[in-house]
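Atom set for the values below is all heavy atoms of this structure, side chains included, hydrogens, waters and symmetry mates excluded. Residue indices begin at 1 and follow the sequence shown.
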Amino acid sequence: MVYVVTGVTQLSQPGPGTQVRHVKQVLIHQYYNPDDMSYDIALVELDHPVQCNRYIQLACVPDATLRVSELQNCWVAGWGSTAPRAQKSSDHLQEAKVQLIDVQLCNSSRWYAGKIHTHNLCAGYPQGNIDTCQGDSGGPLMCQEKNSDYWWVIGITSWGKGCARARRPGIYLSIQYFYDWILLYMNLSPDGSSSPSSRACSHFLITSHPWSHYIPIPQSSQKPWVRPTLSPKPTPVRTLGKVNCCPFPFKIMMEFFTQVKEFLQQTFGQNTS
C-alpha cells in the first residue's frame with residue numbers, strides 16, 4: 001500500500017521527471033524507541049531502481065571524515081504543515097534555510113533539558129520562527145560543503161517540541177553516526193562498492209520511522225514533525241536533483257565504457273581500444 005514518488009515538487013501536478021516505485025521492504029533500526037525517538041532511522045528498499053535524471057540524483061551521505069559542525073549553508077525540505085496549528089500537508093515541496101546549533105546548547109536546561117541523544121543533530125534558530133513541523137518527518141537536512149559545490153544530506157527530520165518555538169529547534173538524526181549501519185544493511189563495502197550479493201544502491205532510501213507520515217500520532221512533548229518556508233508562494237526546493245552532489249562513481253563509469261567497447265566490437269567485428 002505504500003509507494004515512493006520521486007522527481008516531483010508538486011504532488012497534484014507531477015512533472016515529466018516523476019517516477020513512482022512500490023516498497024519491497026522496510027528495515028527499521030533494531031533499537032528504535034518511539035517513546036524517546038532514539039534510533040529513529042529506517043532503510044526502505046524499492047521494488048526496482050529509480051533512474052537518475054535532471055530531477056533525481058544520488059544523495060551524498062557523510063562518513064566520519066566530514067566535519068559536519070563546520071557546514072554553514074544548510075536547508076531542510078518537506079511536505080508538512082506550513083503553520084504550527086495546521087493539520088493539512090502542503091501540495092508543494094517546501095524549503096527553509098536553517099543553522100546548525102550546538103547539541104550541548106540544545107540539551108541545556110532551558111532548551112531540551114537532556115532529551116537529545118548523542119546520535120542527534122540540532123538545527124533551526126534560537127528565536128524560532130523557521131523550523132520543520134508535523135509531516136516533515138523523514139525529510140532531509142542538507143548542507144553545502146565549505147568552499148565547494150558539494151552538498152551533503154547530514155540529517156533526517158525526527159522530532160521537536162511544537163514548531164518554530166524559541167529554544168525548541170528541530171531535532172534530526174545524524175546520518176554520519178549511522179554511516180556504518182547504512183553500509184552494513186545495504187551490503188556495501190566502506191568504499192561504496194557493492195558486494196556480490198548486494199542490490200543496486202538506487203533501490204534504497206533513508207528515512208525516519210516509516211509510518212509516522214501515515215498513522216496519527218498522539219500529541220506529546222516529542223512528536224514527529226515538518227516545516228515550510230515563510231514565503232507565501234513556495235519556491236522549488238534545493239533538492240538533490242538540483243545541486244551538485246558526489247562525484248559520479250568510478251565503478252559505474254568503467255562499467256559503462258566496458259559496455260560501449262563490447263557493443264563496438266560486436267558491431268564492427270574487430271578489436272576496439
Side-chain angles (χ1 to χ4, degrees), residues 9 40-41 55 57-80 82 92-108 110-112 115-133 136-180 182 192 206-208 225-231 234-248:
T9 57
D40 185 22
I41 186 172
Y55 303 102
Q57 295 291 321
L58 300 177
C60 305
V61 293
D63 61 13
T65 63
L66 183 69
R67 296 183 178 180
V68 171
S69 61
E70 295 183 0
L71 301 176
Q72 294 180 344
N73 189 21
C74 297
W75 294 75
V76 290
W79 304 90
T82 56
H92 289 78
L93 184 58
Q94 303 288 308
E95 67 172 359
K97 188 173 183 179
V98 294
Q99 295 176 355
L100 294 180
I101 302 176
D102 185 79
V103 172
Q104 242 183 340
L105 175 60
C106 282
N107 236 353
S108 61
R110 297 185 63 192
W111 291 52
Y112 278 110
K115 294 179 181 179
I116 301 173
H117 307 288
T118 55
H119 53 264
N120 285 141
L121 296 172
C122 185
Y125 298 91
Q127 70 274 22
N129 298 326
I130 298 178
D131 194 7
T132 45
C133 198
D136 286 330
S137 300
L141 169 60
M142 306 164 282
C143 296
Q144 186 177 16
E145 185 176 308
K146 191 175 181 180
N147 300 322
S148 81
D149 291 330
Y150 293 135
W151 288 71
W152 299 86
V153 180
I154 65 167
I156 305 170
T157 304
S158 183
W159 62 273
K161 188 172 183 179
C163 301
R165 296 182 183 179
R167 298 189 298 277
R168 299 294 186 273
I171 306 302
Y172 302 81
L173 198 83
S174 169
I175 292 181
Q176 185 179 51
Y177 186 95
F178 291 93
Y179 181 81
D180 291 338
I182 293 168
I206 305 168
T207 183
S208 63
W225 44 316
V226 65
R227 178 60 192 185
T229 57
L230 297 180
S231 58
T235 55
V237 69
R238 290 177 192 270
T239 169
L240 296 177
K242 297 183 180 180
V243 298
N244 291 324
C245 197
C246 294
F248 196 76

Do [X] and [Y] have side chains that approach each other closer than 4.5 Å (heavy atoms only, starting at C-beta)?
X      : Y      : answer
Ile171 : Cys122 : yes
Gln94  : Val76  : no
Thr9   : Tyr55  : no
Trp79  : Leu93  : yes
Val98  : Leu141 : yes

Nearest non-hydrogen partners of [X] and [Y], listed with the distance:
X      : Y      : value
Trp75  : Lys97  : CE3-N, 3.5 Å
Ala59  : Val153 : CB-CG2, 4.1 Å
Ile154 : Cys143 : CD1-SG, 3.5 Å
Tyr112 : Gly160 : OH-CA, 3.6 Å

Quiz item: In terms of the angle between their ring planes, are His119 and Tyr177 parallel, tilted or perpendicular, with boundaries placed at 30° and 60°?
Solution: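 Rings of His119 and Tyr177: tilted, as their planes differ by 30° to 60°.
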Quiz item: Considering residues at least two apart in sequence or located in another chain, which fulfil the side-chain hydrogen bond (donor to acceptor under 3.5 Å, both in side chains) criterion with Asp63?
Solution: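 Here the qualifying residues are Thr65.
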Self-check item: Listed partners of Gln176 passing side-chain hydrogen bond (donor to acceptor under 3.5 Å, both in side chains), at least two apart
Solution: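 Not a single residue meets the side-chain hydrogen bond (donor to acceptor under 3.5 Å, both in side chains) criterion with Gln176.
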Practice problem: Could you go through the side-chain contact (heavy atoms from CB on, under 4.5 Å) check for Gln144 and Asp149 one step at a time? | Solution: CA-CA 7 Å; Gln144 186 177 16; Asp149 291 330; 4.2 Å; yes
Report the distance from atom [atom1] of [X] to atom [atom2] of [Y], rounding to the nearest 0.5 Å.
X      : Y      : atom1 : atom2 : value
Tyr150 : Leu66  : OH    : CG    : 13.0 Å
Trp152 : Leu71  : CH2   : CG    : 9.0 Å
Ile41  : Ile175 : CD1   : CD1   : 6.5 Å
His117 : Lys115 : NE2   : NZ    : 10.5 Å

Quiz prompt | Partner of Tyr172 by side-chain hydrogen bond (donor to acceptor under 3.5 Å, both in side chains), out of Thr132, Thr157, Asn120 | solution =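 By the side-chain hydrogen bond (donor to acceptor under 3.5 Å, both in side chains) criterion, Tyr172 pairs with just one of Thr132, Thr157, Asn120: Thr132.
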Enumerate donor-acceptor pairs with a distance under 3.5 Å from any side-chain N or O in residues 99-106 to protein atoms, sequence neighbours excluded.
| from | atom 1 | to | atom 2 | distance (Å) |
| --- | --- | --- | --- | --- |
| Asp102 | OD2 | Gln104 | N | 2.9 |
| Asp102 | OD2 | Leu105 | N | 3.3 |

Quiz prompt | Non-neighbouring partners of Tyr125 that pass ring pair (Phe, Tyr, Trp, His ring centres under 6.0 Å), sequence neighbours left out | solution =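 Partners of Tyr125 under the ring pair (Phe, Tyr, Trp, His ring centres under 6.0 Å) test: none.
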Quiz item: Just by modelled atom types, is the Trp111 backbone N or O under 3.5 Å from a matching donor or acceptor in the Arg168 side chain?
Solution: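 Flag set: sc Arg168 to bb Trp111 pair under 3.5 Å.
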